[in-house]
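Keep in mind that this is a model prediction, so the values were computed, not measured. Only heavy atoms go into these numbers, but all of them, side chains included; no hydrogens, no water, no symmetry mates. Start at 1 with the first residue, then count along the sequence.
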Amino acid sequence: MFTIGDFARHGRVSVRMLRHYDATGLLRPAHVDPATGYRYYTAAQLARLNRVIALKDLGFTLQQVQEILDEKVTTEELRAMLRLRRAELEAAMTAAAARLVQVEARLRSIESEGQMPSDDVVLKSLPSVRVAELTGLAPDFDTIGPVIQPLYDELFRRLEAAGVAPSGPGIAYYEDAPDGGVLIHAGVEVSVPLREDDGLRIVDLPPVEQAATIVHRGSMETVLPTIQTLGSWIDANGYRSTGYPREVNLECPDNHNEWVTELQEPVTKA
């Protein structure tokens with residue numbers, strides 16, 4: 001048997017933690033000396049300790065841990081629970097990281113207030129363009145990223161299955177959804193006949209008489225300062241926006257920080 005100190009060292013936990021687990025009934029010693037009160041553990045109890053620590057570190061409360069272990073779940077059942085919990089935590093971490101990037105972009109906009117250059121804005125007309133597209137719904141603009149990337153992955157999969165090769169850049173555009181949120185159109189330029197079915201929707205985007213355009217360099221999670229530069233130019237030059245800007249993907253390497261995207265916002269004289 002192990003003394004409580006030896007067991008703590010082998011389990012890589014503190015003696016205080018083992019005493020707490022004993023008090024809550026989560027992991028009781030195999031033997032307690034009636035004369036001295038010393039706690040003793042067996043090597044076999046390391047298996048339960050490992051389960052306790054793994055479940056606790058994955059965010060389960062001690063009460064939940066005890067309920068799980070007392071139900072005598074199998075190793076495979078426990079492994080499946082851990083995989084699910086890990087996936088949930090990874091998703092939460094990804095969402096938190098994306099939120100931090102957006103906060104950083106907004107801070108950069110705040111820091112550059114009153115000094116944002118606008119000489120990179122170009123006013124031009126846009127011709128009609130034919131795109132293959134899929135659509136999705138996001139609750140708001142902060143959650144567009146997790147929606148639009150899977151749409152593009154699926155779009156290119158369907159294009160390949162249909163034997164259709166893109167003839168130009170990716171073009172994303174947005175609309176206000178009827179019931180709230182943002183309707184996302186993830187498209188790419190193609191040169192094939194029009195069609196609309198469940199597998200692939202090919203449409204013509206109408207020409208735009210006037211669009212204020214600006215090039216954004218970097219991940220789309222950091223686009224906010226560029227969008228606000230564009231908005232400042234539109235307001236300062238006597239124009240009025242008539243819709244969401246299109247996002248034309250000029251360069252899309254694997255490193256998103258090296259992306260080059262042109263924003264094309266339709267405008268009219270105010």
Heavy-atom closest contact ([X] atom, [Y] atom, distance):
| X | Y | answer |
| --- | --- | --- |
| Gly11 | Leu49 | CA-CD2, 3.7 Å |
| Pro166 | Phe156 | CG-CE2, 3.9 Å |
| Gly243 | Glu265 | O-CG, 3.6 Å |
| Pro169 | Val248 | CG-CG1, 3.6 Å |

Above 12 or not: heavy atoms from other molecules or residues under 6.0 Å from [atom1] of [X]?
| X | atom1 | value |
| --- | --- | --- |
| His10 | NE2 | no |
| Glu175 | CD | yes |
| Asp179 | CG | no |

| request: First locate atom CG of Leu230, then atom CD of Gln264, and finally report the distance between them rounded to the nearest 0.5 Å. | output: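 Between atom CG of Leu230 and atom CD of Gln264 there are 10.5 Å.
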| request: Measure the spacing between CG of Leu69 and CG of Leu62 and express it to the nearest 0.5 Å. | output: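 Separation between the atoms: 10.5 Å.
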| Audit row: Asp6, Tyr41, side chain to side chain donor-acceptor pair (under 3.5 Å) steps and yes/no | CA-CA 9 Å; Asp6 287 340; Tyr41 297 81; over 6 Å; no
| request: Applying side chain to side chain donor-acceptor pair (under 3.5 Å), run through Glu133 and Tyr173 and close with a yes or a no. | output: CA-CA 10 Å; Glu133 67 171 33; Tyr173 63 103; 2.7 Å; yes
| request: Go through Thr143 and Asp140 one step at a time and tell me if the side chain to side chain donor-acceptor pair (under 3.5 Å) criterion holds. | output: CA-CA 6 Å; Thr143 54; Asp140 50 48; 3.2 Å; yes
| field | Presence of salt bridge, Arg85 and Glu88, under 4.0 angstrom | value |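 Looking at Glu88 and Arg85, the cut-off is met.
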